[in-house]
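Quick caveat, the model's predicted, so the values are computed rather than measured. Below, chain A is the first sequence line, B the second, and so on; all start at residue 1.
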Amino acid sequence: MTGIRLYNTRTRTKEDFAPIDSANVRMYVCGPTVYDRAHLGNARPVVVFDTLFRLLRHEYGPDHVTYVRNFTDVDDKINARAAEMKAAGDARPLEAIIRELTDGTIGWYHADMDALGALRPTIEPRATEFIGQMIAMIAGLITTDHAYVKEGHVLFRVRSYCDYGRLSGRSVDDMIAGARVEVAPFKEDPMDFVLWKPSTDDLPGWESPWGRGRPGWHIECSAMSHELLGESFDIHGGGIDLQFPHHENEIAQSMCAYPHGDFARVWMHNEMLQVEGKKMSKSLGNFFTVRDLLDQGVPGEVIRFVMLSTHYSKPMDWTAEKAAGAEATLRKWRTMTFRSKADTITPAEFIEALADDLNSHQAITLIHKFARQGNGGAVLACARLIGLLTPELGDWFTFGEGTVSGDERIDEISMVRNEARQKGLYEFSDELRDMLIEIGVGVFDNKFSSAAYFEAENLKRTLQSEAWSFWRSGEIGKAKEIAAQAAEAGLKIYVDEDGPSAVTGIDEIKAQGFFERKILNILKRAREIRLEMGVPQ
RNA sequence: GGCGAGUUGGCGGAGAGGUUACGCAGCGGAUUGCAAAUCCGUGAAGACCGGUUCGAUUCCGGUACUCGCCUCCA
């Protein structure tokens with residue numbers, strides 16, 4: 001077994017990883033608030049910790065790792081969204097609207113993260129199913145004087161936990177000095193945070209010793225991790241933005257409520273994602289969801305590859321150029337491993353790279369090396385360990401051996417071309433090749449055979465991705481130029497106030513009259529050529 | 001204002017106190033009838049100023065710049 005080393009934010013050092021119980025390695029990762037589609041930034045921790053999950057499963061066995069990732073389905077953003085829906089005329093009770101909203105969003109989340117090749121965690125608890133445990137935990141904190149009740153709120157007394165601020169390297173006094181938060185008048189100390197807050201009748205609420213109310217944000221992770229993973233567990237992960245205050249508050253609550261436990265031993269934080277060099281935000285207009293990218297034709301596998309090509313501890317810049325490069329690499333690897341079978345043993349140096357604080361970039365470099373050596377078995381074994389080159393993610397990849405056009409007319413034309421080439425009658429095969437290329441069918445020849453496939457899907461992806469890139473940087477004129485270029489190729493890209501959209505794919509192309517007309521012309525010509533070559537019909 | 005991360009060749013992006021990163025692009029070559037693809041080879045770096053050292057891009061200190069968190073968006 002390879003020794004795993006992980007950078008622990010808590011100690012600010014890279015440490016040897018030694019699970020509390022190697023028969024049950026336990027990891028908790030903060031999951032999404034389910035009120036809207038997951039954006040690309042949400043996807044980074046998912047891919048990072050999925051990769052860690054896969055490594056742990058590889059090292060300790062698939063049945064010996066418990067990965068918990070929560071759904072936050074009680075939150076003021078959700079309430080606000082539900083209130084909007086109600087204001088827009090939805091007559092149902094608030095609870096019903098919220099349930100539908102959160103259920104629907106969870107469904108989207110699963111679909112989008114599945115598309116990135118992320119395994120489902122072992123347990124995906126919903127906050128609303130653990131309200132009882134939260135109330136019990138809060139009550140305990142009041143009993144031990146770590147929390148107090150004021151005006152229907154329960155607040156955590158930050159000064160009661162001497163290590164408060166240790167995770168994020170801040171002291172309570174420094175934070176107050178530089179504070180930008182408005183201080184609620186009922187707080188004993190400006191840094192005290194809410195464990196429980198009262199709900200008015202138009203908000204979801206649960207009965208509690210402090211009246212009808214709802215939990216503060218931080219308590220859910222403490223309550224759920226305790227319930228599902230125990231007082232001490234191995235790894236707690238999330239984005240670096242959660243380090244303060246969320247994780248700091250989790251530690252304070254959990255350590256005070258369960259002083260005999262260690263809570264989480266290793267804290268891991270992924271750095272933030274940027275887009276074309278800038279923070280992704282709604283105000284900058286460069287905000288987009290995973291689904292947006294998928295709909296633009298960027299394969300989930302490409303997104304995953306780009307995510308893994310930068311070490312998780314560094315800011316990652318999403319660019320159209322990187323996506324194009326990732327697609328080219330994956331295409332190359334998928335082509336070269338087309339006939340390979342994954343080795344049963346993954347090369348040790350690959351595992352070592354991953355085990356070194358999840359150095360996925362080094363791991364990818366090694367796959368390049370195996371690819372260069374023509375070692376398809378190793379390429380597949382390694383890539384699949386980090387969730388790449390899996391059969392499930394291969395839908396976008398169409399090029400294979402022989403004729404894979406999926407269209408028997410194109411196959412027939414290819415056969416005629418092959419016959420012509422074997423007879424040395426290149427002018428015939430070139431004539432047919434040029435005709436195919438004109439209607440968007442790519443042709444690859446080698447010594448023995450030729451392959452033909454639709455290029456429209458590729459072209460569509462490339463052009464739309466480029467158009468989006470311009471759109472995001474405000475160069476709408478250039479985006480429209482791309483659209484015009486696409487039109488020449490028979491692909492329709494509309495650029496309106498929502499960005500480039502409504503792209504015609506190969507099915508639409510085939511449905512257009514020109515394709516059917518032209519392919520029949522080419523087929524007719526191919527049959528003529530066959531006769532000219534003296535092959536009986 | 002407080003806290004943190006980063007600054008590597010044309011671009012992206014790693015590791016290692018002294019020896020080729022790697023990928024893309026470029027250049028040169030090979031090969032396939034042509035095209036595409038593929039393969040081989042190759043130039044090019046370490047923000048700036050000090051310090052430690054026989055030797056630093058790698059360790060330490062400072063300066064500049066960039067980015068992020070502390071504020072609804074991760």
Using a heavy-atom cut-off of 4.0 Å across all strands, would you classify [X] as base, sugar-phosphate, or nothing?
X: His311(A); answer: sugar-phosphate
X: Leu273(A); answer: base
X: Thr319(A); answer: nothing

When you measure from the side chain of [X], which nucleotide among [options] comes out closest?
X: Pro315(A); options: A14(B), G33(B), A5(B); result: A5(B)
X: His361(A); options: A14(B), C73(B), C70(B); result: A14(B)
X: Glu271(A); options: A14(B), A5(B), C73(B); result: A5(B)
X: Gln274(A); options: G23(B), C67(B), C72(B); result: C67(B)
X: His368(A); options: G23(B), A35(B), G68(B); result: G23(B)
X: Lys77(A); options: C34(B), C73(B), G33(B); result: C73(B)
X: Arg12(A); options: G4(B), A14(B), G12(B); result: G4(B)

Look at the side-chain N and O atoms of [X] and state whether any lies under 4.0 Å from the OP1 or OP2 oxygen of [N].
X: Lys279(A); N: C69(B); answer: yes
X: Lys314(A); N: C67(B); answer: no
X: Lys332(A); N: C24(B); answer: yes

Please report the distance, rounded to the nearest Å, between [atom1] in [X] and [atom2] in [N].
X: Tyr426(A); N: C34(B); atom1: OH; atom2: P; value: 9 Å
X: His246(A); N: U71(B); atom1: NE2; atom2: C1'; value: 17 Å
X: Leu330(A); N: G23(B); atom1: CG; atom2: C1'; value: 12 Å
X: Leu354(A); N: A14(B); atom1: CG; atom2: P; value: 15 Å
X: His247(A); N: G4(B); atom1: NE2; atom2: C1'; value: 16 Å
X: Phe287(A); N: C72(B); atom1: CZ; atom2: C1'; value: 11 Å
X: Lys423(A); N: G33(B); atom1: NZ; atom2: P; value: 18 Å
X: Glu321(A); N: G10(B); atom1: CD; atom2: P; value: 15 Å

Going by atom types only, do [X] and [Y] share a side-chain donor-acceptor pair under 3.5 Å?
X: Gln274(A); Y: Asp317(A); value: no
X: Tyr164(A); Y: Asn249(A); value: yes
X: Ser199(A); Y: Arg214(A); value: yes
X: Asp75(A); Y: Thr72(A); value: no
X: Glu248(A); Y: Ser168(A); value: yes
X: Asp202(A); Y: Thr200(A); value: yes

Taking the [atom1] atom in each of [N] and [M], what is the distance between them to the nearest angstrom?
N: G6(B); M: A14(B); atom1: C1'; result: 15 Å
N: C60(B); M: G26(B); atom1: C1'; result: 39 Å
N: U66(B); M: G29(B); atom1: C1'; result: 41 Å
N: G46(B); M: U38(B); atom1: P; result: 32 Å
N: U20(B); M: U57(B); atom1: P; result: 16 Å
N: G41(B); M: G55(B); atom1: C1'; result: 31 Å
N: A16(B); M: A30(B); atom1: C1'; result: 35 Å
N: G43(B); M: A47(B); atom1: C1'; result: 23 Å

Notebook entry, point to check: Are His153(A) and Trp196(A) near enough that their ring centres are under 6.0 Å apart?
Noted result: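 No, they do not, as the ring centres are separated by 6.0 Å or more.
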Notebook entry, point to check: Ion pair present between Glu327(A) and Lys322(A), side-chain N to carboxylate O less than 4.0 angstrom?
Noted result: no
Check: So, are Asp356(A) and Arg5(A) salt-bridged, with charged N and O less than 4.0 Å apart?
Finding: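 So Asp356(A) does not pair with Arg5(A) through a salt bridge.
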Margin query: Name the residue from Arg525(A), Arg417(A), Arg421(A) that meets the salt bridge (charged side-chain N to carboxylate O under 4.0 Å, His left out) definition with Glu431(A).
Written below: Arg525(A)
Next item on the list: Only counting residues at least two apart or in another chain, list the ones meeting ring-ring contact (aromatic ring centres under 6.0 Å, His included) with His218(A).
Entry: Phe193(A), His246(A)
Give each protein N/O atom lying under 3.5 Å from an N/O atom of nucleotides 25-30 of chain B, with the pair distance.
none

Item checked: 5'-most by nearest nucleotide on RNA chain B - Met272(A) or Asp430(A) ->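 It is Asp430(A), whose closest nucleotide lies nearer the 5' terminus.
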Check: Between Pro245(A) and Trp217(A), which is nearer to the 5' end of RNA chain B once each is assigned its nearest nucleotide?
Finding: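 Its nearest nucleotide lies further toward 5', so the answer is Pro245(A).
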Next item on the list: Return one dot-bracket line describing RNA chain B 5' to 3' (Watson-Crick or G-U wobble pairs, both distances under 3.5 Å; ( ) same strand, [ ] crossing, | another strand, . none).
Entry: (((((((..(((.....[...))).(((((.......)))))....(((((..]....))))))))))))....
Next item on the list: Could you tell me whether the side chain of Arg372(A) has a donor or acceptor atom within less than 3.5 Å of a complementary atom in the base of C39(B)?
Entry: no
Checklist line | Quiz item: Asn359(A) side-chain donor-acceptor pair to G15(B) base, under 3.5 Å | finding: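 No, the side chain and the base share no sub-3.5 Å donor-acceptor pair.
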Next item on the list: Report the residue from Thr289(A), Asp292(A), Asp112(A) that forms a side chain to side chain donor-acceptor pair (under 3.5 Å) with Arg37(A).
Entry: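 So, applying the side chain to side chain donor-acceptor pair (under 3.5 Å) to Arg37(A) and each of Thr289(A), Asp292(A), Asp112(A), only Asp112(A) qualifies.
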